[in-house]
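Here the structure is a predicted model, which is why all the values come from computation and not from measurement. The analysis underlying the following values was restricted to heavy atoms, covering all of them including side chains, and did not include hydrogens, waters or symmetry mates.
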Amino acid sequence: SYKLLIEEAPQHAVCAFAYRLLEAEPAFAAKLSQAQLLSVVELTASGLRDDAHWETCRRVVPAVEPAIALRLSIDLFKASRELPDLQLLKHAYHRVDCFTRK
């Protein structure tokens, strides 16, 4: 699956299959680029309006780079307004560098 998504046809395969892979294995998110990860519709602000995607997003955030984690956790908290997601946002915020925080 990594070869298909990352090497062979990333522009087509990421949109079609990445979310299902992330549901099964959140650590796979670390292998995706920022652009690829942010192209997963279910993890965007509009995709997170559906609470069925929240749990996967919660599991993906710790597995990705700090800047991506911050962006995902902001979108997640905006959608859910739940205390555990605020804690996830706080943790992601403290992981990024000072320049990214601004």
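In this structure, the side chain of Trp54 engages the main chain of Leu48 through a donor-acceptor pair within 3.5 Å. When atom types are taken as modelled, the side chain of Glu25 and the backbone of Leu22 share no donor-acceptor pair closer than 3.5 angstrom. Between the side chain of Thr56 and the backbone N or O of His53 there is no donor-acceptor pair closer than 3.5 Å.
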Checking side chain to side chain contact (heavy atoms under 4.5 Å, CB included) for the pair His91/Gln87: CA distance, chi angles, key distance, verdict? CA-CA 6 Å; His91 182 70; Gln87 295 299 325; over 6 Å; no

Apply side chain to side chain contact (heavy atoms under 4.5 Å, CB included) to residues Asp75 and Thr44 and explain how you reach the verdict. CA-CA 7 Å; Asp75 290 341; Thr44 63; 5.7 Å; no

Determine whether Glu82 and Arg58 satisfy the following criterion, side chain to side chain contact (heavy atoms under 4.5 Å, CB included), listing intermediate values before the conclusion. CA-CA 12 Å; Glu82 293 182 1; Arg58 289 177 183 129; 2.8 Å; yes

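Taking CD1 from Ile68 and CZ from Arg95, the interatomic distance works out to 10.0 Å, rounded to the nearest 0.5 Å. Between the CG atom of Leu88 and the OG atom of Ser73 there is a distance of 5.5 Å, given to the nearest 0.5 Å. In this structure, Gln34 CD and Leu72 CG are separated by 9.0 Å, a value rounded to the nearest 0.5 Å. Atom-to-atom distance recorded for Asp85:CG and Leu76:CG is 4.0 Å, nearest 0.5 angstrom. Here OH of Tyr19 is found 14.0 Å from OG of Ser39. Values are rounded to the nearest 0.5 Å.
Considering every non-hydrogen atom in both Ala27 and Ala63, the closest pair reads CA-CB, 4.1 Å.
Salt bridge Arg20/Glu23: absent, no basic N to carboxylate O contact under 4.0 Å.
More than 12 heavy-atom neighbours from other residues, nucleotides or ligands sit within 6.0 angstrom of CD on Glu55.
Membership of the apolar cluster around Val96 extends to Leu70, Ile74, Phe77, Leu83, Leu86, Leu89, Tyr93, as traced through chained side-chain contacts below 4.5 Å between ILVMFWY residues.
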